[in-house]
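Worth knowing before you read on, the calculation uses all heavy atoms, side chains too, and leaves out hydrogens, waters and symmetry mates.
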Amino acid sequence: MKSRKILTALFTAASIATLLGTAPVAVNAASSNSGSTTTSTKKSPKLVIQNTPKLSKWGYVVNVNSSAQPIYVGKSNYAKLVNNPLFKGTKTVSPKKIKNVRFKIEKVMHFQGVGGAPEYFVTSKDHKYNGWTPNAGLQYYAVNNKSFQKVIKPLKKIEGRSPIKQNKKFTSNGTITDRKWLAKNEHDYALAVKAAKKLKGNQRKFALGSLKQMKQDGVLNNIMWQEKDNILLWSVN
């Protein structure tokens, strides 16, 4: 999955580079569930920015672990970047230097009419660091903790159980139909929940909430789980 994340990040970066200078931007001040979008042009937009409450509700819980897109330094960049992914700041920072800085996901940007994975606007608590990045560049801040790895381990088994093999027991929209496959996924999911219940405080709340969302979104029987808005699943690599 790590190599898949790198390819996704690079592909997204290339897509944005193609759009720079020509792409009109659509800005949505409502939630991503509202469906209402205010555009800055009469033409059909190629970039649509929306709020993402399913991710924003967790607050400052992600680290940036990829340089696929730049993270800009400066509080003044926040207002310029939050609804304009084409803005270019003057100073950037390496992910290695901010590996312990926690970010909040505030916006999501979708592409219209072109290929490319969504990008997410992230900001630090003091708005000193800001940027747009694919989910491949983000992970939960405590993902490498020994206790949290007990949640991640069974999820890795689910992710690694790719049904894209000769049997191809899944539908055209990615829904898995192999009953044995699903039973194994359910077993590992239960192990992840069991481990999550042993965590404490906010980590316990985050892990259990994310696992519940995973089940509600039908991730266990869908091969496209990386596309779901779930920080915990993005952190499995």
Please report the interatomic distance [atom1]([X]) to [atom2]([Y]), rounded to the nearest 0.5 Å.
{"X": "Q213", "Y": "K54", "atom1": "CD", "atom2": "NZ", "answer": "4.0 Å"}
{"X": "D188", "Y": "K156", "atom1": "CG", "atom2": "NZ", "answer": "13.0 Å"}
{"X": "K99", "Y": "K96", "atom1": "NZ", "atom2": "NZ", "answer": "9.5 Å"}
{"X": "M109", "Y": "N83", "atom1": "CE", "atom2": "CG", "answer": "11.5 Å"}
{"X": "I71", "Y": "Q69", "atom1": "CD1", "atom2": "CD", "answer": "9.0 Å"}
{"X": "N77", "Y": "N84", "atom1": "CG", "atom2": "CG", "answer": "11.0 Å"}

Quiz prompt | Over 12 non-hydrogen atoms of neighbours within 6.0 angstrom of NZ in K57 | solution =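 Yes, the 6.0 Å shell around NZ holds more than 12 heavy atoms from other groups.
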Quiz item: If you draw a 6.0 Å radius around CG in N202, do more than 12 non-hydrogen atoms from other residues or ligands fall strictly inside?
Solution: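 At most 12 heavy atoms, drawn from other residues, nucleotides or ligands, come within 6.0 Å of this atom.
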Between [X] and [Y], which heavy-atom pair has the shortest distance, and what is it?
{"X": "L199", "Y": "S147", "answer": "CD2-OG, 3.7 Å"}
{"X": "Y189", "Y": "I158", "answer": "N-CD1, 3.8 Å"}
{"X": "N230", "Y": "S210", "answer": "ND2-O, 3.0 Å"}
{"X": "S56", "Y": "I105", "answer": "OG-O, 2.5 Å"}
{"X": "K197", "Y": "R204", "answer": "O-NE, 3.0 Å"}
{"X": "N130", "Y": "G74", "answer": "ND2-O, 3.5 Å"}

Exercise. Decide yes or no on side-chain contact (heavy atoms from CB on, under 4.5 Å) for N144 and Q149, but give the supporting numbers first.
Key: CA-CA 6 Å; N144 293 317; Q149 277 294 307; 4.1 Å; yes
Exercise. Show your working on side-chain contact (heavy atoms from CB on, under 4.5 Å) between F103 and K125 and close with a plain yes or no.
Key: CA-CA 7 Å; F103 289 80; K125 197 167 186 177; over 6 Å; no
Honestly curious: do [X] and [Y] fall in one hydrophobic cluster under the side-chain, below-4.5 Å linking rule?
{"X": "V193", "Y": "V143", "answer": "yes"}
{"X": "L138", "Y": "W58", "answer": "yes"}
{"X": "Y78", "Y": "L86", "answer": "yes"}
{"X": "L155", "Y": "L208", "answer": "yes"}

Practice problem: Test side-chain contact (heavy atoms from CB on, under 4.5 Å) on L233 and V219 and set out the steps. | Solution: CA-CA 10 Å; L233 297 190; V219 173; 3.8 Å; yes
Quiz item: Side chains of S124 and D126: donor-acceptor distance under 3.5 Å anywhere?
Solution: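 Yes, because at least one side-chain N or O of S124 sits under 3.5 Å from a partner of the opposite role on D126.
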Self-check item: Polar side chain donor-acceptor pair, Q139 to N65, under 3.5 angstrom
Solution: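 Judged by distance alone, the side chains do pair up.
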Quiz item: Are R102 and Y60 in a cation-pi contact, defined as NZ or CZ under 6.0 Å from the six-membered ring centre and within 45° of the axis?
Solution: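 No.
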Taking the side chain as every heavy atom from C-beta outward, state whether [X] and [Y] have any atom pair closer than 4.5 Å.
{"X": "F111", "Y": "L47", "result": "yes"}
{"X": "Q50", "Y": "V48", "result": "yes"}
{"X": "E106", "Y": "T52", "result": "no"}
{"X": "I231", "Y": "F206", "result": "yes"}
{"X": "K157", "Y": "H187", "result": "no"}

Quiz prompt | Identified side chain to side chain contact (heavy atoms under 4.5 Å, CB included) counterpart of D229 within the set N135, L55, D217, V108 | solution =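 The side chain to side chain contact (heavy atoms under 4.5 Å, CB included) with D229 is passed solely by L55 among N135, L55, D217, V108.
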Self-check item: Of V64, I98, V101, the residue whose pairing with V93 passes side chain to side chain contact (heavy atoms under 4.5 Å, CB included)
Solution: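 Exactly one option meets the side chain to side chain contact (heavy atoms under 4.5 Å, CB included) with V93, and it is I98.
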Exercise. Measure centre to centre between the rings of Y120 and W132, then say whether the value is under 6.0 Å.
Key: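 Here the rings of W132 and Y120 have centres that are no less than 6.0 Å from each other.
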Quiz prompt | Aromatic ring proximity, centroids under 6.0 angstrom, Y129 and Y72 | solution =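 Centroid separation for Y72 and Y129: 6.0 Å or greater.
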Quiz prompt | side-chain contact (heavy atoms from CB on, under 4.5 Å) evaluation trace for L232 with M214 | solution = CA-CA 9 Å; L232 177 61; M214 175 181 175; 5.8 Å; no
